[in-house]
> 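Okay, here's the structure, questions in a sec.
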There are 2 protein chains.
Amino acid sequence: MVIGALAEADGPRSAAELSRAIGESVPLSSLYRSLAVLEEVGVLAPHYSSPGLTRYELAEWLSGHHHHLVCIGCGRVQDLEADDAIERRLQEIVADVARAASFAELNHALEIEGHCARCA
Amino acid sequence: MVIGALAEADGPRSAAELSRAIGESVPLSSLYRSLAVLEEVGVLAPHYSSPGLTRYELAEWLSGHHHHLVCIGCGRVQDLEADDAIERRLQEIVADVARAASFAELNHALEIEGHCARCA
DNA sequence: TACTCGAATGAGAATCATTAGCAAAAGGAG
DNA sequence: CTCCTTTTGCTAATGATTCTCATTCGAGTA
């Protein structure tokens, strides 16, 4: 149910939001347990963008590589896929920059802050 | 004292870390109050990268624009400035991508995950 | 110098998301 | 059907952060 709910979502979701999405029938302790397991096995990826709460999304091998638009107005995080040409240019930049800091890059994401269409 | 400690740091710091840095003399309630005020007036910027805790850094108008290297091993976040040429290319990409999503960009940061030199 | 009153402080209680503990319920092999 | 292991759901515990409130400070005033 968690995976289904996240597959329908357009961005990361918190435990509370997921609980609502799947109908409150699952006790929170079970939900948190499932989230922990799914994260551990690499199906979910945590995302932190608001104080004191963790949102989850499908790992990129399931959802595809993407970036995040974080709305300062409503706090929502929206996924965004860039087209290949842009992604290629970005990957170059990331590689350059990580190499310069002798940092072993495993993944990257562009976090863009601003106002979403609704909050503009 | 908070600003001084953050000016010396090479990345965002949590309330607990700051408390240690300034010698535990300031009560936590005061420290949190100061952090809230400094954030509100735009001197500090919060950063979220670990579950359940907020780290602060100097706002970009004080520290300069930069990106983040997030170490999966130790959880540390390190600041990283890119040189102008790279930054220019990156800014183009961000503008493209935000426009495509009709999102009003105010700021962006590249979050690079991987292993830092120590945790490699 | 003493007085007044609003703002700042500190200690501790309260809150919220999350985690841990544990007894009861399920599942599965024999 | 029985025994044993795993999973569940409820509740209490935890940890970071925020709130409350009585106290202290300080600037301005007589």
Side-chain angles (χ1 to χ4, degrees), chain A residues 1-6 9-59 68 70-79 111 113, chain B residues 1-6 9-59 68 70-79 111 113:
Chain A
M1 292 163 86
V2 165
I3 295 175
L6 287 177
D10 66 344
R13 293 287 180 269
S14 68
E17 289 163 340
L18 286 170
S19 177
R20 237 169 284 131
I22 63 186
E24 259 125 37
S25 45
V26 177
L28 278 187
S29 58
S30 297
L31 177 55
Y32 277 110
R33 238 189 310 246
S34 304
L35 292 172
V37 173
L38 291 170
E39 179 184 351
E40 219 165 334
V41 299
V43 170
L44 300 188
H47 187 253
Y48 312 108
S49 53
S50 315
L53 84 82
T54 302
R55 284 190 251 249
Y56 291 91
E57 58 186 351
L58 295 182
H68 289 127
V70 180
C71 179
I72 293 178
C74 59
R76 261 314 160 95
V77 180
Q78 197 185 332
D79 289 346
E111 303 278 320
E113 282 185 12
Chain B
M1 291 163 88
V2 165
I3 295 174
L6 286 177
D10 66 344
R13 292 286 180 270
S14 66
E17 288 163 341
L18 286 170
S19 177
R20 237 170 284 131
I22 64 187
E24 259 124 37
S25 45
V26 177
L28 279 187
S29 57
S30 298
L31 178 54
Y32 277 109
R33 236 188 312 245
S34 304
L35 292 173
V37 173
L38 291 171
E39 179 183 351
E40 218 164 334
V41 299
V43 169
L44 299 188
H47 186 253
Y48 312 107
S49 53
S50 316
L53 86 84
T54 302
R55 282 189 253 249
Y56 290 91
E57 58 186 350
L58 296 182
H68 289 128
V70 180
C71 179
I72 294 178
C74 60
R76 262 313 161 94
V77 180
Q78 197 186 330
D79 288 348
E111 303 277 321
E113 281 186 12

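Naming: A, B, ... by sequence-line order, numbering from 1 per chain. Reckoned from all heavy atoms, side chains included, excluding hydrogens, waters and symmetry mates.
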> Kindly give the heavy-atom pair with the smallest separation between A:Tyr56 and A:Leu6, and that separation in Å.
O-CD2, 3.3 Å
> CZ of B:Arg20 to CZ of B:Arg13: how many Å apart, nearest 0.5 Å?
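B:Arg20 atom CZ to B:Arg13 atom CZ measures 10.0 Å (nearest 0.5 Å).
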> Which heavy atom of B:Arg55 sits nearest a heavy atom of B:Ser14, and at what distance?
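What the structure gives for the nearest pair is CG-N, 3.4 Å.
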> When the distance from CZ of A:Arg33 to C1' of D:dT11 is rounded to whole Å, what number comes out?
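In whole Å, D:dT11 C1' lies 12 Å from A:Arg33 CZ.
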> State, to 0.1 Å, how close B:Val26 and B:Leu31 come at their nearest heavy-atom pair, and which atoms those are.
CG1-N, 4.0 Å
> I want to check something: taking the side chain as every heavy atom from C-beta on, are A:Asp79 and A:Pro12 in contact at a cut-off of under 4.5 Å?
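They are in side-chain contact.
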> When the distance from CG of B:Leu18 to C1' of D:dA16 is rounded to whole Å, what number comes out?
14 Å
> Are the side chains of A:Leu35 and A:Thr54 in touch, meaning some heavy atoms are under 4.5 Å apart?
no
> Restricting to non-hydrogen atoms, name the atom on A:Ala59 and the atom on A:Gly42 that form the minimum distance, rounded to 0.1 Å.
CB-O, 3.3 Å
> Output the rounded distance in Å from OH (A:Tyr32) to P (D:dT14).
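Going from A:Tyr32 (OH) to D:dT14 (P), I get 18 Å.
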> What nucleic acid atoms does A:Ala16 come within less than 4.0 Å of, heavy atoms only: base, sugar-phosphate, or nothing?
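No contact at all - A:Ala16 keeps every heavy atom at 4.0 Å or more from the nucleic acid.
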> Separation of B:Leu35 atom CG from D:dA16 atom C1', in whole Å?
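Result: 12 Å.
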> Which heavy atom of A:Ser25 sits nearest a heavy atom of A:Met1, and at what distance?
OG-CE, 4.3 Å
> Could you check how far CG of A:Leu31 sits from P of D:dT7, rounded to whole Å?
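Spelled out: CG on A:Leu31 to P on D:dT7 is 17 Å.
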> When we call it a touch if two heavy atoms are under 4.0 Å apart, what does A:Ala36 touch: a base, just sugar-phosphate, or nothing?
nothing
> Any residue in residues 44-53 of chain B with a heavy atom nearer than 4.0 angstrom to DNA chain C? Just list them by number, or reply none.
none
> Testing the basics here: between B:Tyr48 and A:Pro51, what is the closest heavy-atom pair and its distance to 0.1 Å?
OH-CD, 3.4 Å
> With a strict under 4.0 Å distance from non-hydrogen atoms of chain B, what nucleotide opens and what nucleotide closes the contacted stretch of DNA chain C, reading 5' to 3'?
C:dT9 to C:dG12
> Check the phosphate of D:dT17 against B:Thr54, side-chain N and O only, distance under 4.0 Å to OP1 or OP2. Yes or no?
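Yes.
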